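The structure under discussion appears below in the form of structure tokens.
Order of the sequence lines fixes the chain letters, A, B, ..., with proteins taken first and strands second; residue numbering starts at 1 for each chain. Bear in mind the structure is a predicted one, so any value in this text is a computation, not a measurement.
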Amino acid sequence: MFDPRWIRENPDAFDAGLVRRGLEPLSAQVLALDKTRREAQTQAQEVQSQRNALSKQVGAAKAKGEDAAEIIAEVGALKDEHARLEEAGKTADQALKAFLEGLPNTPAADVPEGADEADNLEIRQHGHAPTFEFEPKQHFEIGEAMGRMDFEAASRLSGARFVVLRGALARMERALGAFMLDLHTKEFGYTEVSPPILVRDTALYGTGQLPKFADDLYRTEDDYWLIPTAEVPLTNLVAGSVLSESDLPVRVTALTPCFRSEAGAAGRDTRGMLRQHQFSKVELVSICLPDQSDAELERMTGCAEEVLRRLGLHYRVMLLSSGDMGFSARKTHDLEVWLPGQDAYREISSCSSCGDFQARRMDGRYRPDGEKGTRHLHTLNGSGLAVGRALIAVLENYQNADGSVRVPEALQPYMDGAEVIGGDG
RNA sequence: GGAGAGGUGGCAGAGUGGUAAUGCAGCGGGUUGCUAACCCGUCUACCCGAUAGGGUAGCGGGGGUUCGAAUCCCCCCCUCUCCGCCA
């Protein structure tokens with residue numbers, strides 16, 4: 001959400017950001033609405049000031065036992081005028097807000113120009129793609145052959161884009177989540193949180209999913225929403241609050257199920273468990289001072305990368321182009337893990353700095369040391385990592401010719417020391 | 001689900017129609033050998049203004065009544081207690 005005052009002072013920067021997002025310049029429209037709003041507000045306040053003064057006179061007159069009918073009649077006229085002006089101000093204010101809340105965040109200066117993922121920039125790689133003496137299989141072939149990944153059962157229960165994991169694979173999914181949480185809490189200073197996964201409208205508005213992306217979400221009959229990511233409850237932890245500098249940075253992590261309707265992805269990635277309506281994910285969220293958020297994004301990306309390194313998985317880090325970034329982000333790193341079965345890199349983490357875009361929507365502020373007033377916080381979020389996709393990556397990268405799968409060393413302590421899982425796991 | 005109580009500044013706590021007491025804490029300033037005590041100031045958002053400064057709003061949220069609402073009326077949210085149900 002943009003600050004109208006910032007747009008007033010930097011209309012060109014505002015328009016440039018929209019253009020980089022593939023939108024039209026809109027500052028003229030915003031400024032016109034803003035002007036209407038302020039004029040109505042100023043006039044309404046002047047009338048109100050008169051009203052207040054006259055009302056005081058009524059009180060004073062009555063206290064003295066005098067007749068106040070004349071003053072009361074005078075105030076009555078002001079009342080209608082005030083109502084009219086206030087209404088005009090409110091209408092303009094709501095129009096401005098409705099306009100602004102649908103606009104995506106301005107890309108950071110170092111975000112590459114581009115229309116879509118084809119313009120993303122590879123920043124670095126780590127490790128090498130493993131070589132196989134045989135034709136590597138895709139994760140669902142491995143899992144189904146093991147008898148531990150059951151799409152038919154899931155389909156009977158819930159339909160397409162669900163999976164039932166059994167035995168060693170269910171165990172490995174749990175191991176992955178536990179391993180990631182331990183890494184982030186013990187080594188990177190994140191505090192583990194167990195948040196609600198049903199949330200209200202306001203929480204989703206705060207992080208930017210609403211009002212624009214309601215189609216991507218699941219809603220309950222009593223008007224809760226299932227979270228599409230733990231970014232929503234974790235970031236909204238600071239909604240409506242004023243922190244002091246000594247509280248910052250706030251670093252929190254959570255392992256939660258995530259629910260997405262995948263409304264725009266019909267027909268894409270239909271085989272396997274790459275794109276599901278429900279998946280679990282370890283999320284990282286940082287809340288920090290404005291001048292720390294650039295460094296925090298690098299740090300957070302490093303935390304997510306470390307998961308892949310410990311799992312011994314080959315990946316690359318992409319800097320998303322202006323056209324491929326999410327609504328609330330001002331800069332995003334994607335981690336893409338190598339999947340031998342697919343012979344492709346696939347997204348397994350996305351780490352974004354949102355600047356004050358979300359903080360403004362949810363009114364999360366801090367009080368600068370030695371300064372009067374408050375400023376909005378900066379928020380960041382990142383997957384650390386998507387657990388379902390991490391399971392896929394382990395299966396495809398650690399597969400053996402006989403259909404068994406080696407367990408990465410980092411995971412073995414979480415799986416009773418098992419080094420290999422196979423059909424009898 | 002039923003019945004009831006409540007929501008006022010960082011905290012505590014008054015205020016049932018006349019425009020938010022008071023106490024404590026924090027911060028800034030004054031006074032002052034030092035400390036303590038004491039005195040003054042110190043909320044947030046927005047609007048007008050070059051500045052100084054001025055104004056409007058805010059007592060959980062939103063409407064309404066009234067010249068005037070923390071106070072009266074309506075709707076909603078949240079917290080707590082008891083009962084019922086329940087992992």
>> Using the C1' atom as the point on both nucleotides, what is the distance between B:rG62 and B:rA57, in whole Å?
In response: 15 Å
> If pairs are Watson-Crick or G-U with both distances under 3.5 Å, what is the dot-bracket string of RNA chain B, marking crossing pairs with [ ] and pairs to another strand with |?
Replying inline: ((((((((.[[[..)..(...]]].(((((.......)))))((((((....)))))).[[[[[..)....]]]]])))))))....
>> At under 4.0 Å between heavy atoms, how does the protein contact nucleotides 55-72 of chain B? Give one character per nucleotide, 5' to 3', with B, S or -.
In response: BBS-----S--BBS----
>> Is the terminal nitrogen or CZ of A:Arg174 (NZ for Lys, CZ for Arg) located under 6.0 angstrom from the six-membered ring centre of A:Tyr414 and within 45° of that ring's axis?
In response: no
> OP1, OP2 of B:rU44 versus side-chain N and O of A:Thr374: anything below 4.0 Å?
Replying inline: no
> Can A:His184 and A:Thr253 be counted as having a side-chain donor-acceptor contact under 3.5 angstrom?
Replying inline: no
> When rounded to the nearest Å, what value does the distance between P atoms of B:rA5 and B:rC73 take?
Replying inline: 13 Å
>> Applying side-chain hydrogen bond (donor to acceptor under 3.5 Å, both in side chains) to A:Arg365 and A:Thr374, what does each step give before you reach the verdict?
In response: CA-CA 6 Å; A:Arg365 293 171 292 164; A:Thr374 58; 3.3 Å; yes
>> Between A:Gln358 and A:Thr379, do the side chains contain a donor N or O and an acceptor N or O under 3.5 Å apart?
In response: yes
> Is the shortest distance from a Lys or Arg side-chain nitrogen in A:Arg84 or A:Asp80 to a carboxylate oxygen in the other one below 4.0 Å?
Replying inline: no
> Would you say A:Arg367 reaches B:rU42's phosphate, i.e. side-chain N/O to OP1/OP2 under 4.0 Å?
Replying inline: no
>> Considering every strand and a 4.0 Å limit on heavy-atom distances, what is the contact class for A:Arg360: base, sugar-phosphate, or nothing?
In response: nothing
>> In this structure, how many angstroms lie between the C1' atom of B:rC48 and the CG atom of A:Asp34, rounded?
In response: 14 Å
> Which value, in whole Å, describes the distance between the P atoms of nucleotides B:rC59 and B:rG64?
Replying inline: 15 Å
> Do the ring planes of A:Trp6 and A:Phe2 sit parallel (below 30°), tilted (30 to 60°) or perpendicular (above 60°)?
Replying inline: parallel
>> In whole Å, measure the gap between the P atoms of B:rA14 and B:rA21 for me.
In response: 16 Å
> B:rA12 and B:rG63: how far apart are their C1' atoms, nearest whole angstrom?
Replying inline: 32 Å
> Can you check the A:Lys97 NZ to B:rA45 C1' distance for me, whole Å?
Replying inline: 14 Å
> With distance as the sole criterion, is a donor-acceptor pair present between the side chains of A:Asp334 and A:Ser350 under 3.5 Å?
Replying inline: yes
>> What's the gap between B:rA20 and B:rA69 when it is taken at their P atoms, as a whole Å value?
In response: 11 Å
> Rounding to the closest angstrom, what is the interatomic distance between B:rG23 and B:rU8 at atom C1'?
Replying inline: 15 Å
>> Taking side chain to side chain donor-acceptor pair (under 3.5 Å) as the definition, give me every residue that meets it alongside A:Thr235, ordered by chain and number, with sequence neighbours left out.
In response: none
> On a whole-Å scale, what distance lies between the P atoms belonging to B:rU19 and B:rU51?
Replying inline: 33 Å
>> Less than 4.0 angstrom from a charged side-chain N to a carboxylate O is my criterion; do A:Asp93 and A:Lys97 meet it?
In response: no
>> Between A:Lys35 and A:Glu39 (salt bridge meaning N to carboxylate O under 4.0 Å), is one present in this structure?
In response: yes
> Has A:Arg5 got a side-chain N or O lying under 4.0 Å from the OP1 or OP2 atom of B:rC46?
Replying inline: yes
> If each of A:Arg200 and A:Arg365 is mapped to the nucleotide of RNA chain B with the nearest heavy atom, which maps nearer the 5' terminus, i.e. the 5' end?
Replying inline: A:Arg365
